[in-house]
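Have a look at the structure below before the remarks.
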Amino acid sequence: MPLVHISTRSDKEPAVLEAIANGVHRALVATIGIPDNDRFQIVSTHAENELIFDQHYMGVERRDVVFVQITLVRGRTPGRKKELYRRIAANLAADAGIRPEDVVITLTENDRIDWSVGNGVAQLVEQGESGEPSARLDSAHAGVDSPPERVRVTADPDWYESAGISLGVRVGNLVFTSGQAPVDGQGRTVGTGDFEAQVRQALANLSTVLVNGGSSLADTIKATVFVTDIRQQDVFTRLRAEYFPDRPHLAETFVEVSSLADPRWMVEIEAIGLVRQS
């Protein structure tokens, strides 16, 4: 369920304002899969001096900006977000005559528990975004809060997307990563035959996933390291001290395996990270 706040100059005709609101909603329906009747929008008009923006920031030439602020439940992939931006700009150009250069969009994500759409009830927790009742806890758990929502952790580019594997999953205040291999953003192996180079690439990937999930290497509480040659443990130990500054509070398992998913890989690392509440 998105909440949309559109801000623009007060000199626009009502038909233009309606076209802007319609164009934003159609883009949301097409890209993030909300029902057509899931529509909650605020349209605000302002005097010209109340909308302040740089006319040339990041090389975009702006004249008459339309601000589109969208709050929605977290979990959409970077690819979907980019497509949403593209469609909003295209719809506003086609339907309302708004230059794409003048469309400024921001997304703010939150959790299902952060929404109530009436009656003082958290409908998205009890019913889900589709409006259909969600699975209830059985009677043995009566009176206990529902389990925390699982949120997929992504990156752009997502080096595991083609394999259908999540880079990680955030559950409550923990981030669980998939095993991070020595691959670049396109999934290509890095550092063939060079154990240290592969460890550094795997740790860089691990850091990206943890940070995107709200954690970090410094907040890692458990790591499992898979290697194809146990004799490389001293090398990893040296690098671990460089990448994990809070080593005394890091639980670790170091395992030798006969082979990893790609025979060129010499190491793979998975971790659990703590999300520190602000």
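By convention here, the first residue in the shown sequence is residue 1. Values below: all heavy atoms of this structure, side chains included; hydrogens, waters and symmetry mates excluded.
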For Glu242, is the CD atom crowded, meaning more than 12 foreign heavy atoms sit under 6.0 Å from it?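 Buried by this count: over 12 neighbours within 6.0 Å.
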How about Ile42: does its CD1 atom have over 12 heavy atoms from other parts shown lying under 6.0 Å from it?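 Yes, the 6.0 Å shell around CD1 holds more than 12 heavy atoms from other groups.
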Contact check, side chains of [X] and [Y], non-hydrogen atoms, under 4.5 Å:
{"X": "Arg26", "Y": "Val29", "answer": "no"}
{"X": "Asp229", "Y": "Phe195", "answer": "no"}
{"X": "Phe67", "Y": "His46", "answer": "no"}
{"X": "Thr71", "Y": "Phe40", "answer": "no"}
{"X": "Arg9", "Y": "Leu51", "answer": "yes"}
{"X": "Val169", "Y": "Val175", "answer": "no"}
{"X": "Val104", "Y": "Val68", "answer": "no"}
{"X": "Thr253", "Y": "Val225", "answer": "no"}

Which value, rounded to the nearest 0.5 Å, describes the distance between [X] atom [atom1] and [Y] atom [atom2]?
{"X": "Arg87", "Y": "Ile32", "atom1": "CZ", "atom2": "CD1", "value": "12.0 Å"}
{"X": "Asp64", "Y": "Ile98", "atom1": "CG", "atom2": "CD1", "value": "6.0 Å"}
{"X": "Leu84", "Y": "Leu107", "atom1": "CG", "atom2": "CG", "value": "6.0 Å"}
{"X": "Leu203", "Y": "Tyr243", "atom1": "CG", "atom2": "OH", "value": "6.0 Å"}
{"X": "Gln41", "Y": "Leu28", "atom1": "CD", "atom2": "CG", "value": "8.0 Å"}
{"X": "Ile230", "Y": "Phe254", "atom1": "CD1", "atom2": "CZ", "value": "5.0 Å"}

Charged N-O contact under 4.0 Å between [X] and [Y]:
{"X": "Glu256", "Y": "Arg231", "result": "no"}
{"X": "Arg86", "Y": "Glu83", "result": "yes"}
{"X": "Glu18", "Y": "Lys12", "result": "no"}
{"X": "Glu61", "Y": "Arg99", "result": "no"}
{"X": "Glu196", "Y": "Arg200", "result": "yes"}
{"X": "Asp156", "Y": "Lys81", "result": "no"}

Exercise for the section: Evaluate the side chain to side chain donor-acceptor pair (under 3.5 Å) criterion for residues Ser216 and Asp219: first the C-alpha distance (whole Å), next the side-chain angles of each, then the deciding distance (0.1 Å), finally the verdict. Expected result: CA-CA 5 Å; Ser216 67; Asp219 291 314; 3.1 Å; yes
Considering non-hydrogen atoms only, spot the tightest contact between [X] and [Y] and give its length.
{"X": "Ser178", "Y": "Gln180", "answer": "O-NE2, 3.0 Å"}
{"X": "Gln198", "Y": "Gly193", "answer": "NE2-N, 4.3 Å"}
{"X": "Ala181", "Y": "Tyr160", "answer": "N-OH, 3.1 Å"}
{"X": "Ala155", "Y": "Thr208", "answer": "CB-CG2, 4.1 Å"}
{"X": "Thr220", "Y": "Ala271", "answer": "CG2-CB, 3.8 Å"}
{"X": "Thr192", "Y": "Arg264", "answer": "OG1-CD, 4.1 Å"}

Short side-chain to backbone donor-acceptor contact, [X] and [Y], under 3.5 Å:
{"X": "Arg188", "Y": "Gly185", "value": "no"}
{"X": "Gln201", "Y": "Val183", "value": "yes"}
{"X": "Asn212", "Y": "Thr154", "value": "yes"}
{"X": "His56", "Y": "Arg62", "value": "no"}
{"X": "Gln123", "Y": "Val117", "value": "yes"}

Q: Starting from the C-alpha separation in whole Å, work towards a yes-or-no answer on side chain to side chain donor-acceptor pair (under 3.5 Å) for Thr31 and Arg80.
A: CA-CA 6 Å; Thr31 57; Arg80 283 198 180 193; over 6 Å; no
* Run the side chain to side chain contact (heavy atoms under 4.5 Å, CB included) check on Asp184 and Trp159 step by step: do they pass? -> CA-CA 7 Å; Asp184 63 15; Trp159 47 92; over 6 Å; no
Hydrophobic clusters here meaning ILVMFWY residues chained together by side-chain heavy-atom distances under 4.5 Å, can you tell me if [X] and [Y] are in one?
{"X": "Val43", "Y": "Ile20", "result": "yes"}
{"X": "Val235", "Y": "Trp265", "result": "yes"}
{"X": "Val65", "Y": "Tyr57", "result": "no"}
{"X": "Ile52", "Y": "Ile6", "result": "no"}
{"X": "Val257", "Y": "Phe236", "result": "yes"}

Which residue is it: Arg170, Arg150, Arg74? I am looking for the one with a salt bridge (Lys or Arg N to Asp or Glu O under 4.0 Å) to Asp111.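 Single salt bridge (Lys or Arg N to Asp or Glu O under 4.0 Å) partner of Asp111 among Arg170, Arg150, Arg74: Arg74.
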* Could you walk me through whether Arg240 and Glu252 pass side chain to side chain contact (heavy atoms under 4.5 Å, CB included), step by step? => CA-CA 10 Å; Arg240 178 185 58 194; Glu252 181 188 304; 2.7 Å; yes
Report task. List the steps, then state whether side chain to side chain contact (heavy atoms under 4.5 Å, CB included) holds for Ile88 with Ile70. Result -> CA-CA 12 Å; Ile88 289 176; Ile70 303 172; 4.0 Å; yes
> Does the pair Leu217 and Leu206 meet the rule for a side chain to side chain contact (heavy atoms under 4.5 Å, CB included), with working shown?
Replying inline: CA-CA 8 Å; Leu217 289 178; Leu206 186 68; 3.8 Å; yes
